[in-house]
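Below is one structure, written out as structure tokens; the observations come after it.
The sequence lines fix the lettering, A, B, ..., with proteins before strands; numbering per chain opens at 1.
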Amino acid sequence: MKIEIFDDFDLKKIADSGQCFRFNEHGDGYEVTASSRHLFIKKSGEFEYELDCSPDEYENFWKNYFDLGLDYREIRGRIDKDEDDYLYRAAEFGKGIRILRQDPWEMLISFIISQRKNIPAIKASIEKLCAAVSRKIGTDSEGRAVYAFPTPEELAGLSDEKLASCSLGYRDKYVRQAALDVASGAVSLDKWGDASDEELMTGLLGLFGVGVKVANCEILFGYHRLDAFPKDVWINRVLELKYPNGFNFDKYAPYNGIMQQYLFYYSRNDGLI
DNA sequence: AGGCAGGTTCTTA
DNA sequence: TAAGAACCTGCC
């Protein structure tokens, strides 16, 4: 099916923004896998996109996944060039990035895996984990099997050998524990969705292998609380070099997380040169 | 070969 | 409570 999108929307920038690990350029479009769904999407006109899903699946899932209900152009417009020229340039550079509405469970495991790994290594580990469970949900544009992201139950029950084959290193015990916590019901990611920001943070920090940075990634990308501002090495460099007097978090609330994405993307590609 | 990559835990003072 | 070391693995 075809759709039209007039707001900020750039598939390449989203794929490279570091918020998603199963969103890859392939041929003339992008293969996107989320939980137990797979999509091939490509740009087919100035504002037109072609998706290999039904209108029903688009309306019920992918439209929300791409966060098409939020006006990113308007939020970007709140940046004052005169007040913060660096952020303005970062936002111009990153125009088209959106914060996807991804699954809390998938994000939790993905960002636990991310610690002290580079992005290709994170992607490789996640694909190995999905392949280790091997619940096939479809095929990609070249006919290769696509596997679902494992459920908590599937990960909790995965053999030690298979888990060890995913190049998780010391993170394997974090992943296993998170799976056991959620599968047993000791932790309810759904209930956390209704918790206050503070309660959510406290709950996440109680998980084995989850510190402040991973927790903030989970809050921003898994729970779509757009004011969360994860500080990784890149953002810390930006804050240190470009904001010696502090970043104006008050001005951009409740959308500091979107600003974080612009700063992150810019710093990794061009902005710190 | 040694250092480092989207950090967190464990140990020590 | 706060630094500093240790941690798996892959890649340069």
Side-chain angles (χ1 to χ4, degrees), chain A residues 12-24 90 93-94 97-100 102-132 149 155 158-182 187 200-226 228-243 247 256-272:
Chain A
K12 180 171 178 52
K13 291 180 189 175
I14 293 170
D16 292 340
S17 65
Q19 63 176 303
C20 48
F21 304 104
R22 306 190 77 196
F23 193 129
N24 300 302
F93 188 82
I97 295 174
R98 310 178 73 80
I99 311 251
L100 303 172
Q102 302 186 79
D103 177 66
W105 163 248
E106 180 167 346
M107 289 299 96
L108 177 63
I109 296 303
S110 296
F111 282 99
I112 285 176
I113 291 172
S114 78
Q115 60 190 257
R116 274 191 79 84
K117 271 181 179 286
N118 56 34
I119 290 177
I122 300 165
K123 288 184 173 184
S125 276
I126 291 173
E127 285 312 318
K128 285 181 190 175
L129 201 57
C130 296
F149 193 87
L155 275 196
L158 193 63
S159 70
D160 289 336
E161 290 80 3
K162 286 192 173 179
L163 192 61
S165 74
C166 300
S167 305
L168 299 178
Y170 61 87
R171 307 162 194 80
D172 60 357
K173 54 188 181 295
Y174 303 155
V175 168
R176 175 76 84 189
Q177 190 58 52
L180 291 169
D181 287 345
V182 176
V187 164
L200 177 56
M201 176 59 85
T202 303
L204 288 168
L205 292 178
L207 298 175
F208 188 40
V210 176
V212 173
K213 190 273 177 180
V214 169
N216 273 116
C217 285
E218 170 71 347
I219 292 169
L220 179 58
F221 303 124
Y223 286 96
H224 206 76
R225 298 196 186 188
L226 298 181
F229 193 93
K231 292 178 183 173
D232 50 46
V233 292
W234 292 94
I235 288 294
N236 282 330
R237 283 174 201 157
V238 170
L239 293 178
E240 202 173 303
L241 293 173
K242 306 294 180 180
Y243 294 93
F247 182 77
N256 281 298
I258 295 175
M259 304 306 153
Q260 190 270 9
Q261 282 289 279
Y262 293 142
L263 293 172
F264 177 77
Y265 183 77
Y266 191 43
S267 69
R268 283 191 50 116
N269 291 288
D270 203 19
L272 287 182

Original post:
Between CZ of Phe21(A) and CD1 of Ile126(A), what distance do you get to the nearest 0.5 Å?
Top reply: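 Reported to 0.5 Å precision, the distance equals 5.5 Å.
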**OP:** Nearest 0.5 Å please: distance from the CD atom of Gln115(A) over to the NZ atom of Lys117(A).
**Re:**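 So the CD of Gln115(A) and the NZ of Lys117(A) are separated by 10.0 Å.
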Sugar-phosphate only, base, or nothing, as touched by [X] at under 4.0 Å among non-hydrogen atoms:
X         : result
Gly211(A) : sugar-phosphate
Leu205(A) : nothing
Ser110(A) : nothing
Lys173(A) : sugar-phosphate

Whole-Å distance separating the [atom1] atom of [X] from the [atom2] atom of [N]:
X         : N       : atom1 : atom2 : answer
Arg171(A) : dG7(B)  : CZ    : C1'   : 9 Å
Gln115(A) : dC4(B)  : CD    : P     : 18 Å
Arg176(A) : dT9(B)  : CZ    : P     : 19 Å
Asn236(A) : dA5(B)  : CG    : P     : 13 Å
Tyr174(A) : dC10(B) : OH    : C1'   : 9 Å
Lys117(A) : dG3(B)  : NZ    : C1'   : 17 Å
Leu204(A) : dT8(B)  : CG    : P     : 11 Å

Original post:
Which nucleotide of DNA chain C is the first, and which the last, in the 5' to 3' direction, to come under 4.0 Å of a heavy atom belonging to chain A?
Top reply: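 In short, chain A contacts DNA chain C from dC7(C) to dG10(C).
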**OP:** Give each stem of DNA chain B as a range with a range, requiring at least 3 consecutive Watson-Crick or G-U wobble pairs whose two distances are under 3.5 Å.
**Re:**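 Detected stem regions: B:2-5 with C:9-12, B:7-13 with C:1-7.
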Subject >> dT11(B) versus dC8(C) - spacing of their P atoms, nearest Å >> reply: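 Each nucleotide's P atom is 13 Å from the other's.
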Original post:
Are Ile99(A) and Gln19(A) close enough, and set up right, to give a side chain to side chain contact (heavy atoms under 4.5 Å, CB included), and what steps lead you there?
Top reply: CA-CA 8 Å; Ile99(A) 311 251; Gln19(A) 63 176 303; 4.0 Å; yes
Subject >> Modelled atom types, side-chain donor and acceptor of Lys128(A) and Ser167(A), under 3.5 Å >> reply: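 Yes - a donor-acceptor pair under 3.5 Å links their side chains.
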**OP:** Indicate whether any N or O donor in one side chain lies under 3.5 Å from an N or O acceptor in the other, for Gln177(A) and Asp181(A).
**Re:**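 Yes - a donor-acceptor pair under 3.5 Å links their side chains.
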Original post:
Nearest to the side chain of Phe208(A) - dC10(B), dG7(B), dA5(B)?
Top reply: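 Nearest nucleotide to the side chain: dC10(B).
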**OP:** Assess whether atom NZ of Lys231(A) is packed by more than 12 heavy atoms of other residues, nucleotides or ligands within 6.0 Å.
**Re:**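 Incorrect, the count does not exceed 12.
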Original post:
Is there side-chain contact between Arg176(A) and Asp160(A), with heavy atoms separated by less than 4.5 Å?
Top reply: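 Side chain of Arg176(A) against side chain of Asp160(A), heavy atoms only: contact under 4.5 Å found.
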Original post:
Do Asn216(A) and Met201(A) come close enough that some side-chain heavy atom pair is under 4.5 Å?
Top reply: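 In contact.
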Original post:
Is there a donor and acceptor pair closer than 3.5 Å between the side chain of Tyr170(A) and the base of dG7(B)?
Top reply: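 Pair found.
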Subject >> Centroid-centroid distance, Phe111(A) to Phe221(A), less than 6.0 Å >> reply: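 When the ring centroids of Phe111(A) and Phe221(A) are compared, they turn out to be within the sub-6.0 Å range.
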Subject >> Nearest-nucleotide 5' precedence on DNA chain B, Gly209(A) against Arg237(A) >> reply: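 Here Arg237(A) is the residue nearer the 5' end.
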**OP:** Compare side-chain N and O positions of Arg116(A) against OP1 and OP2 of dG3(B) and report whether any pair is under 4.0 Å apart.
**Re:**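 So the side-chain polar atoms of Arg116(A) never come under 4.0 Å of the phosphate oxygens OP1 or OP2 of dG3(B).
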Subject >> Residue among Ile119(A), Asp16(A), Val238(A) satisfying side-chain contact (heavy atoms from CB on, under 4.5 Å) with Arg268(A) >> reply: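 Answer after filtering Ile119(A), Asp16(A), Val238(A): Ile119(A).
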